[in-house]
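What follows is a single structure, written as structure tokens, with notes after it.
Starting from 1, each residue takes its place in the sequence as its number. The model shown is predicted, which means the values in this text are computed figures rather than measured ones.
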Amino acid sequence: MSVHLPGRPPLITKHHRIVIIGGGTAGISVAARLRRAGERDVAVLDPSDRHYYQPLWTLVGGGRAPLAESIRPQASVMPKGVEWIRRAAVAVDPEAREVTLDDGGIVSYDHLVVCPGIQLDWDRVPGLEAGLGRDGLSSNYLPQHAPATWRFIRETRSGSAVFSMPTGAVKCGGAPQKIAYLAADFWRQEGVLGKIDVHLVIPGAAIFGVPEFARVLDDVVRRYGIKVHYGSEVTEVRPEAREVVVTDLGTGGRTTLPYDVAHLVPPQSAPDWVKRSPLAGADDPAGYVEIDKHTMRHVRYPNVWALGDAGSSPNSKTGAAVRKQAPVLVENLLATIRGREPKAAYHGYASCPLTTARNKMLLAEFDYSGRPTPSIPVINTIRERTDMWYLKRRGLPFLYWNLMLRGLA
């Protein structure tokens, strides 16, 4: 059916058995698994004509991979038989079981999977967005700026370098420090590391939340002579002066750091429309979709599910987490369609491949318990390894494009 508003073209109202909001890692993985399970009426809402493998952007910024390898046409990864609605969701009414699109159209559903990704809140750090891409200031969290990161690193031969991580959850929590290690190792190879003051600003009291991995990273920091500002975050950027303001989260004290090159990461949260929706947790300022952390099911709306970065489950927001969440969600969703209670459980697995040098990686795997949960038998992954570097550079992209997005891994 269609809805006609005066002065505007008719707006289409559609109904689908299963609607998925978001065509990123989570949305495509779930759609592929549903199709493999025989579900015929699945729609994906996503306006982008490009699909990105975002974990590669750190390597782009570190000069270890080309940006083009991270991009493919969205049509090439959309599962066959899925209806791709090339519009963005702007609101959800879970009582009416309707999603409003950015053109005013309505898509109704029997079951809804919410995975629109995470929002980059550039405006929460004054001066950051306006200065990006020039005078040494960049961020790998946008694909167009990752190549600039590498250019600025290459051009820096002395002076000061600042790398930062914000408070709150972010996409790939290790990425803000990975680029610091790639840069420092490059400067070491070039013989100029001793001429550069390298600063890493992090909000936590430790370099990493899991002690076993933190011990390794403490050694990495010492090796490169990086000054870590614990319990702090960058709260202002002054691009004209090439300096950042660092605030101590405990005392509120502010200090100023100059930079010749700076890689800064903005605070992040659920998309604004999710925050405003009934799906968000009432007491969650970040506005994530409020789900059971094991089943991926919404705590108040039993036909709504969420996974990936926009979900409230307290795991690290990584593609590896999505890879474990997707099969659990699909199994539970199909169970409820067939009148059964959801029994599959996600236990918080996340993996953070931490590049500690230009040819070494630490594979940090852990779950809700905060303990290491290594998934590769025989070898010791709780240390820097060259073979893990090749997993990061070649193995994981292959897994992503050829298996995960096809619902096979």
Salt bridge (charged side-chain N to carboxylate O under 4.0 Å, His left out) assessment of Arg393 paired with Glu69: CA-CA 11 Å; Arg393 180 64 184 91; Glu69 278 190 24; 3.0 Å; yes
Stepwise side chain to side chain donor-acceptor pair (under 3.5 Å) check, Tyr53 with Thr25: CA-CA 8 Å; Tyr53 177 61; Thr25 304; over 6 Å; no
Distance flag, aromatic centroids of Tyr224 and Trp187, threshold under 6.0 Å: no
Does the side chain of [X] pick up a donor-acceptor pair with the side chain of [Y] at under 3.5 Å?
X: Gln268; Y: Lys171; answer: no
X: Asn315; Y: Ser313; answer: yes
X: Thr58; Y: Lys178; answer: no
X: Thr355; Y: Trp389; answer: no

Any side-chain heavy-atom pair from [X] and [Y] closer than 4.5 angstrom?
X: Leu333; Y: Ile18; result: yes
X: Trp273; Y: Val92; result: yes
X: Val220; Y: Glu384; result: yes
X: Pro79; Y: Ile28; result: yes
X: Leu67; Y: Pro147; result: yes
X: Arg371; Y: Val210; result: no
X: Asn303; Y: Thr336; result: no
X: Leu112; Y: Trp305; result: no

Taking [atom1] in [X] as the centre, count heavy atoms belonging to other residues, nucleotides or ligands within less than 6.0 Å. Is the count above 12?
X: Arg97; atom1: CZ; value: no
X: Arg154; atom1: CZ; value: yes
X: Arg157; atom1: CZ; value: yes

Side chain to side chain donor-acceptor pair (under 3.5 Å), paired with Asp219, selected from Arg222, Arg223, Arg215: Arg222
Audit row: Glu331, Lys343, side chain to side chain contact (heavy atoms under 4.5 Å, CB included) steps and yes/no: CA-CA 8 Å; Glu331 182 178 335; Lys343 296 291 180 65; 5.6 Å; no
Parallel, tilted or perpendicular: ring planes of Phe213 versus Phe366, cut at 30 and 60 degrees: tilted
Parallel, tilted or perpendicular: rings of Tyr368 and Tyr346 (30°, 60°): perpendicular
Evaluation steps, side chain to side chain donor-acceptor pair (under 3.5 Å), between Asp272 and Gln119: CA-CA 8 Å; Asp272 288 337; Gln119 175 176 285; 3.0 Å; yes
Trp122 six-ring face occupied by Arg124 cation (under 6.0 Å, within 45°): no
NZ or CZ of Lys317 within 45° of Tyr288 ring axis and under 6.0 Å: yes
His199/Tyr259 under ring pair (Phe, Tyr, Trp, His ring centres under 6.0 Å): CA gap, chis, key distance, verdict: CA-CA 9 Å; His199 300 266; Tyr259 67 83; over 10 Å; no
Step-by-step side chain to side chain donor-acceptor pair (under 3.5 Å) determination, Asn140 to Thr149: CA-CA 7 Å; Asn140 295 336; Thr149 303; 2.8 Å; yes
Contact summary for Pro353 and Lys392, nearest pair of heavy atoms: CB-CD, 4.0 Å
Lys275 and Ser269: CA distance, side-chain angles, deciding distance, side chain to side chain donor-acceptor pair (under 3.5 Å) verdict: CA-CA 9 Å; Lys275 289 191 190 78; Ser269 63; 2.7 Å; yes
N/O donor-acceptor pair under 3.5 Å between Asp292 side chain and Arg297 backbone: no
Donor-acceptor pair, side chain of Gln177 and main chain of Ile207, under 3.5 angstrom: yes
To the nearest 0.5 Å, how far apart are [atom1] in [X] and [atom2] in [Y]?
X: Thr381; Y: Arg385; atom1: OG1; atom2: CZ; answer: 7.5 Å
X: Ile291; Y: Lys293; atom1: CD1; atom2: NZ; answer: 11.5 Å
X: Asp41; Y: Leu34; atom1: CG; atom2: CG; answer: 11.0 Å

Cationic N near anionic O, under 4.0 Å, Arg87 to Asp102: yes
Reference residue Trp57; test ring-ring contact (aromatic ring centres under 6.0 Å, His included); the match among Tyr52, Trp150, Tyr141: Tyr52
